[in-house]
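Quick notes on the structure that follows.
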Amino acid sequence: MVRLDYSFFDRPTLNVSRELLGKKLIKIEPDGNCLSGIIDEVESYIGSEDLASHARNGLTQRTQVMFGSPGRSYVYFTYGIHWMFNIVTEPKGVPGAILIRSIIPTEGLNTMKSRRGKASTGLTDGPAKLTQALGINKDWNNYNLCDSNSSLYIEDLGTATPQSVSAPRIGLGKTPEPWFSMPWNYKIIKTQGLGSHLSIR
DNA sequence: GCAATGATACAG
DNA sequence: TGTATCATTGCT
């Protein structure tokens with residue numbers, strides 16, 4: 001079991017995105033409790049030119065983290081309710097981030113369930129669901145995931161990177177082309193009968 | 001189908 | 001200082 005370090009994230013965003021699938025996201029609670037899940041779906045936001053990215057407006061107070069060092073977290077609040085967890089990529093000065101959209105829970109299920117509430121469906125199968133289950137909020141923004149004693153990090157299980165499909169990103173609203181259709185959403189293949197618009201990697 | 005609920009960014 | 005816009009979710 002190896003903790004992913006700076007060199008893993010300091011590479012082209014799409015490579016990092018695809019290889020992040022099948023890796024384990026781990027959060028150690030203050031009481032020592034371990035919460036974890038296998039990364040199942042991610043989405044890339046690359047460069048200032050990407051009009052779907054928060055970095056489209058250039059360097060601002062909110063987006064400065066995206067321009068910073070790779071291997072750190074970019075956590076932001078949206079829709080007045082939800083926290084989104086991203087991992088910064090690209091060299092310092094170049095904005096880039098990967099939104100973690102879905103994980104398959106592996107450890108700490110009871111804690112996750114209690115945080116999600118029993119009326120809700122799906123423990124961690126949505127970007128805001130997993131932040132709620134793991135307890136990720138603004139306190140975790142600009143957190144160094146690569147530090148050897150960090151409480152939030154990604155682990156390489158040593159398994160081969162799973163097969164994935166790429167598709168256009170989700171929830172982009174009025175983002176103009178070509179950005180709206182860029183196939184920068186990656187997901188682990190697990191069902192048959194995929195739509196023909198999806199390309200298998 | 002749509003309300004919830006607030007930070008952000010930009011116009012003026 | 002006002003307001004349009006959201007990288008969503010869950011209930012109707």
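Lettering of chains follows the sequences in order, A, B, ..., and the numbering in each one begins at 1.
The side chain of A:Phe77 lies closest to B:dG6, out of B:dG6, C:dT8, C:dT9. Of the candidates C:dA7, C:dG10, C:dT8, C:dT8 carries the atom nearest the A:Tyr79 side chain, counting heavy atoms from C-beta on. When each of C:dT9, C:dT5, C:dA7 is scored by its nearest atom to the side-chain atoms of A:Ala128, the top-ranked nucleotide is C:dT9.
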Nucleotide pairing, DNA chain B (Watson-Crick or G-U, distances under 3.5 Å), in dot-bracket with [ ] and |: ||||.||||||.

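Heavy atoms only, all atoms of each residue included: A:Glu90 and A:Pro95 are closest at CG-O, 4.1 Å. Closest non-hydrogen pair, A:Leu14 versus A:Ser44, comes out as CD2-OG, 3.7 Å. Nearest heavy-atom pair across A:Met112 and A:Ser36 is CE-O, 3.4 Å.
For A:Lys27, the salt bridge (Lys or Arg N to Asp or Glu O under 4.0 Å) partners at least two apart in sequence or on another chain are A:Glu29.
Residue A:Tyr74 contributes atom OH, which lies 11 Å from atom C1' of B:dA7 at whole-angstrom precision. Distance CH2 (A:Trp179) to P (C:dA7): 16 Å, rounded to an integer number of Å. Between the NE2 atom of A:His82 and the C1' atom of C:dC11 there is a distance of 12 Å, given to the nearest Å. Following rounding to the nearest Å, A:Leu130 (CG) and C:dA7 (C1') show an atom-to-atom distance of 13 Å. Remark: C1' of B:dA7 and CH2 of A:Trp83 are 9 Å apart, rounded to the nearest angstrom. Put simply, NZ on A:Lys138 is 15 Å from C1' on B:dT8, counting in whole angstrom units. One interatomic measurement links the two molecules: CZ of A:Phe180 to C1' of C:dA7, which rounds to 12 Å at whole-angstrom precision. Summarising the geometry, the separation between CE on A:Met84 and P on B:dT5 is reported as 16 Å, rounded to the nearest angstrom.
Taking 4.0 Å as the cut-off between side-chain N and carboxylate O, A:Arg56 and A:Glu49 do not count as a salt-bridged pair.
A donor-acceptor contact closer than 3.5 angstrom is absent between the side chains of A:Ser114 and A:Thr111. Looking only at atom types and distance, the side chain of A:Gln132 has a donor-acceptor partner in the side chain of A:Arg116 under 3.5 Å away. Judged purely by distance below 3.5 Å, without hydrogens or angles, the side chains of A:Glu43 and A:Tyr45 pair a donor atom with an acceptor atom.
Residue A:Arg101 places at least one side-chain N or O closer than 4.0 Å to OP1 or OP2 of C:dT8. Regarding contacts with the backbone of C:dA4, every side-chain N or O of A:Lys174 stays at 4.0 angstrom or more from both OP1 and OP2.
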Identify all pairs in which a protein N or O lies below 3.5 Å from an N or O of nucleotides 9-12 of chain B, and state each distance.
| from | atom 1 | to | atom 2 | distance (Å) |
| --- | --- | --- | --- | --- |
| B:dA9 | OP1 | A:Thr60 | OG1 | 2.5 |
| B:dC10 | OP1 | A:Asn57 | OD1 | 2.8 |

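The aromatic rings of A:His54 and A:Tyr74 lie perpendicular to each other, with more than 60° between the two planes, well past the 30° mark.
For C:dA7, the base is stacked against the aromatic ring of A:Tyr45, per a cut-off of 5.5 Å between centres and 30° between planes.
No engagement by A:Gly173 is indicated, since no non-hydrogen atom pair under 4.0 Å with the nucleic acid exists.
Within the cation-pi definition used here (under 6.0 Å to the ring centroid, within 45° of the axis), A:Arg169 does not qualify as a partner of A:Phe180.
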